[in-house]
Amino acid sequence: MTNVNNAIELGLNEDEFNQIIKYLGRIPNITELGIFSAMWSEHCSYKSSRKWLKKLPTKEEWVIQGPGENAGIIDIGNGLAAVFKMESHNHPSFIEPYQGAATGVGGIMRDVFTMGARPVANMNCLRFGSPNHHKTKHLLSGVVSGIGGYGNCMGVPTIGGECTFDKGYNGNILVNAMTVGIVKKEKIFYAKAGTPGSKVVYVGAKTGRDGIHGASMASAAFDTDSESKRPTVQVGDPFTEKLLLEACLELMNTDCIIGIQDMGAAGLTSSSVEMAAKDNNGIKIDLDKIPVRETKMTPFEIMLSESQERMLMVIKPDSENKAKEIFNKWELDFSVIGEVTDSSKIVLYSNNKIVADIPLEPLANGLIYDRPYTANDKPLSIKLNTSFNWDDSLLKLLDNCDLCSREWIWQQYDHMVMGDTIGMPGGEAGIVRIHGTDKEALAITTDCTPRYCAANAMLGGKQAVVESFRNLCSVGAQPLAITDCLNFGNPEKPEVMGQIVNAINGISEACKELSMPVVAGNVSLYNETEGKSIPPTPQIGAVGIIKNIDNSIINNIENYENKDIIIIGETKGHLECSLFAKEICKEDGGEPPPVNLKSELIKGKFVLSLITDDKIIACKDLSDGGLAIALTEICVTNAIGCNIVNKHNININRWLFGEDQGRYILIVDKANTNSIIDKAIENNIYAENIGQLQNEYFEVNDGNNEIKKISIEKLSNIRNNWFKNYFST
């Protein structure tokens with residue numbers, strides 16, 4: 001029998017151990033204790049956040065499946081649905097960057113194809129420590145290689161994402177992976193067990209000892225012994241996953257499957273518990289029938305293993321032979337390991353003896369904690385030096401790890417496989433064509449600004465949603481829904497719990513106003529090392545629909561002649577919490593820029609109408625680095641110049657680098673400029689012609705008739721070479 005020390009070693013506390021005894025009416029054995037520790041971990045139960053997650057809006061008429069399944073599903077018309085979700089693999093990626101990132105990609109793809117969808121696009125959001133930290137190069141190269149290695153082998157394009165650096169992630173990097181798939185609405189599958197007597201089937205790769213304690217490890221803070229946790233990192237095999245994908249989709253075209261669930265966090269434990277509990281059934285499993293690749297594996301090890309590329313299915317009576325034939329063809333393991341019961345319990349057998357007997361209700365429902373929190377979201381305003389030469393500042397910002405080109409990263413990903421990707425990574429959103437339609441496409445983006453969240457978590461959560469909204473509008477997509485990945489520190493600290501509560505409130509408010517429900521998500525807590533938490537990072541992944549790809553915007557500009565530059569949204573020059581403040585003024589903190597949700601919605605709809613009417617050549621929302629960085633990216637990408645004029649009495653650095661929200665840059669034919677501005681004014685939207693495109697130079701008139709210019713070639717060389725220079729030193 002076990003004792004409280006065993007429970008603590010598995011991540012439980014004394015009170016939780018006593019609750020287990022109360023549920024069972026006895027002391028649990030080690031297998032039962034391990035099952036409770038996994039299902040009651042933060043990673044599986046969301047025990048600190050579940051109370052607050054209920055505040056998120058999850059319904060709209062186009063939502064088919066909200067939170068609670070492997071992934072969210074939205075109706076995209078033509079009898080099709082988009083299936084998507086974002087997941088974290090933070091702790092494993094810090095301990096073993098290649099395998100941690102690779103298995104994160106593999107896991108999120110399984111979540112999507114488990115529901116019957118073929119994955120069509122991957123995204124990833126990466127947060128590393130300071131470039132000067134001794135581990136950053138190793139972690140960066142390992143994570144990027146792992147993402148590319150797995151996604152490329154699967155034949156799924158990685159079409160975009162984020163990568164930023166901050167000393168706050170020195171001891172705990174973030175690797176958030178997102179996958180989007182497409183399925184016919186009548187071919188959607190769910191994690192359900194059906195009726196008692198139905199057979200439970202194990203398919204995929206064999207079970208090994210990799211990943212044991214994975215869910216518990218992902219729910220604990222790091223300490224000086226973190227390196228010893230390497231055994232809890234799973235090992236992935238993308239070639240096996242590719243076979244599993246094709247085998248599952250082939251079986252889904254038959255009439256064999258009742259329910260299907262990925263063996264992800266907590267492996268066989270979570271998949272069996274969740275499937276059986278959804279229909280208020282029970283489940284019994286013969287562990288001797290589990291395909292294993294190592295000898296003398298104990299029931300504890302089999303149930304807690306997080307070996308990759310495995311699925312659990314419940315199939316219809318007399319379907320075993322047909323299902324087995326398909327998996328044998330794909331050279332994958334197939335084993336009938338048990339059946340659904342009416343016991344409302346999970347009962348495990350080994351050597352013809354019961355080795356675990358647990359009621360499902362406490363496992364499936366988990367724990368809900370109402371943790372104390374402090375809502376300290378009132379940062380003090382700071383004064384900044386704005387007397388710097390704007391041209392020197394622009395060069396320094398472009399040579400910064402957060403604003404340089406990410407081409408070094410996305411060149412390692414196959415972003416064109418499947419032949420449906422439109423444009424290149426690095427734009428406002430990734431775009432993939434939708435098969436089975438004439439000209440429709442999905443647009444996908446990921447967004448979060450952790451420095452805003454650190455200053456004001458509610459405003460930061462709100463801003464992450466509105467930036468994803470603007471990114472989708474900028475490419476011509478109607479925003480539909482989001483998935484989130486909420487990355488925070490230790491929720492037992494009231495200040496961290498306050499960040500969680502406030503960020504969720506901000507996300508909720510923005511999603512309601514913009515009609516972008518949350519259909520799936522993930523919470524990753526205890527992201528801290530030796531007591532120091534990461535910056536709060538409520539990552540948002542958003543999906544929108546483009547009805548006609550002929551009107552989509554990928555910011556390709558064929559020539560600079562007769563092209564005006566219009567800014568939508570007023571510039572007040574907000575520099576607090578900006579990258580200019582951080583990198584040029586060397587000042588952290590201050591107040592993030594305010595967000596006006598109603599204004600964001602009006603401007604987004606306006607930009608979408610212009611794109612639909614084919615009035616815009618290029619479009620970019622203004623975010624990190626403000627006007628100067630957005631315009632530089634357009635110019636460098638197209639090897640063209642610009643000439644802009646600060647027509648108002650505003651400091652030139654504030655005008656160029658302020659991060660006021662709700663703004664877009666439009667590149668338009670000169671013949672359309674006046675009508676666009678007139679239409680904006682009719683809609684009470686601020687719009688101004690600030691200049692035009694030209695050849696060779698980025699030229700600025702500061703408003704006092706002092707004109708400076710920098711060659712586009714120089715800007716390009718600086719922006720494009722940061723990663724090359726970083727890895728050469």
Side-chain angles (χ1 to χ4, degrees), residues 64-65 67 69-74 76 80-89 93 100-126 143 146-162 174-183 188-189 191 234 236 238 241-242 244-246 248-249 260-265 308-309 311 410 413-415 417-418 420-421 425 429-435 441-447 468 480-485 518-522 524 539-544:
I64 296 173
Q65 175 64 54
E69 270 287 343
N70 287 293
I73 309 178
I74 56 174
I76 57 175
L80 299 174
V83 181
F84 61 97
K85 189 181 181 184
M86 185 186 292
E87 277 271 12
S88 61
H89 234 225
S93 298
T103 52
V105 173
I108 194 63
M109 281 197 278
R110 286 196 303 279
D111 281 339
V112 167
F113 74 73
T114 294
M115 305 200 73
R118 180 173 290 278
V120 296
N122 288 333
M123 306 280 279
N124 54 79
C125 310
L126 314 177
V143 165
I147 291 169
Y150 208 103
N152 294 352
C153 291
M154 282 291 293
V156 178
T158 300
I159 63 172
E162 293 179 275
L174 301 185
V175 176
N176 296 170
M178 178 179 177
T179 294
V180 180
I182 295 177
V183 64
I188 296 171
F189 288 83
Q234 311 94 320
E241 176 129 333
K242 175 64 173 172
L244 183 60
L245 163 66
E246 300 301 340
C248 286
L249 292 182
I260 179 170
Q261 174 91 348
D262 163 42
M263 290 192 215
Q308 297 291 284
E309 295 89 37
M311 293 281 191
W410 57 256
Y413 306 151
D414 190 338
H415 52 275
V417 66
M418 299 176 75
D420 287 325
T421 307
I431 305 174
V432 288
R433 295 180 184 86
I434 301 173
H435 280 302
L442 289 179
I444 310 156
T445 187
T446 60
D447 290 289
S468 72
L480 292 177
I482 73 165
T483 176
D484 58 32
C485 195
V518 182
V519 298
N522 174 238
S524 175
Q539 193 71 51
I540 301 297
V543 175

Under the side-chain contact (heavy atoms from CB on, under 4.5 Å) rule, what do I182 and H435 come out as? Steps first, then yes or no, please.
CA-CA 9 Å; I182 295 177; H435 280 302; over 6 Å; no

Measuring from [X]:[atom1] to [Y]:[atom2], what's the distance to the nearest 0.5 Å?
X    : Y    : atom1 : atom2 : value
I431 : I444 : CD1   : CD1   : 9.5 Å
M154 : D414 : CE    : CG    : 13.0 Å
I540 : E162 : CD1   : CD    : 10.5 Å
L249 : L244 : CG    : CG    : 9.0 Å
T446 : N176 : OG1   : CG    : 9.0 Å
M86  : T483 : CE    : OG1   : 6.0 Å

State which residues pass salt bridge (Lys or Arg N to Asp or Glu O under 4.0 Å) with D484; sequence neighbours excluded, sorted by chain then number.
none

Would you check if [X] and [Y] make a side-chain contact, meaning some heavy-atom pair closer than 4.5 Å?
X    : Y    : answer
V112 : V83  : yes
C248 : M311 : yes
V156 : V105 : no
I73  : M115 : yes

Kindly write out the residues that satisfy side chain to side chain contact (heavy atoms under 4.5 Å, CB included) with [X], not counting sequence neighbours, or none if the list is empty.
X    : answer
A82  : I74, I76, L442
A191 : E69, N70, Q261, M275, K278
S93  : H89, A101, V143, I173, V175
P67  : T58

Given the rule in the side-chain contact (heavy atoms from CB on, under 4.5 Å) test, do D111 and T179 qualify, once you have shown the distances and angles that lead to the verdict?
CA-CA 9 Å; D111 281 339; T179 294; over 6 Å; no

If every non-hydrogen atom of [X] is compared with every non-hydrogen atom of [Y], which pair is closest and at what distance?
X    : Y    : value
A71  : A520 : C-CB, 4.2 Å
V519 : A481 : CG1-CB, 4.0 Å
M178 : G541 : SD-CA, 3.8 Å
A117 : G181 : CB-C, 3.9 Å
G151 : M109 : CA-CE, 4.5 Å
G161 : M123 : N-CE, 3.8 Å

Go through the steps for Y413 and N124 under the test side-chain contact (heavy atoms from CB on, under 4.5 Å), then give the verdict.
CA-CA 11 Å; Y413 306 151; N124 54 79; 3.6 Å; yes

I'd like to check the side-chain hydrogen bond (donor to acceptor under 3.5 Å, both in side chains) partners of E241; sequence neighbours left out, ordered by chain and number.
R110, Y150

Test side chain to side chain donor-acceptor pair (under 3.5 Å) on T114 and D262 and set out the steps.
CA-CA 6 Å; T114 294; D262 163 42; 5.3 Å; no

Assess the residue pair L174 and Q539 against the criterion (side-chain contact (heavy atoms from CB on, under 4.5 Å)); give the C-alpha distance rounded to whole Å, side-chain angles, the decisive distance to 0.1 Å, and a yes or no.
CA-CA 10 Å; L174 301 185; Q539 193 71 51; over 6 Å; no

N522 and S524: CA distance, side-chain angles, deciding distance, side chain to side chain donor-acceptor pair (under 3.5 Å) verdict:
CA-CA 7 Å; N522 174 238; S524 175; 5.4 Å; no

Electrostatic pair E246:R118 at N-O distance under 4.0 angstrom:
yes

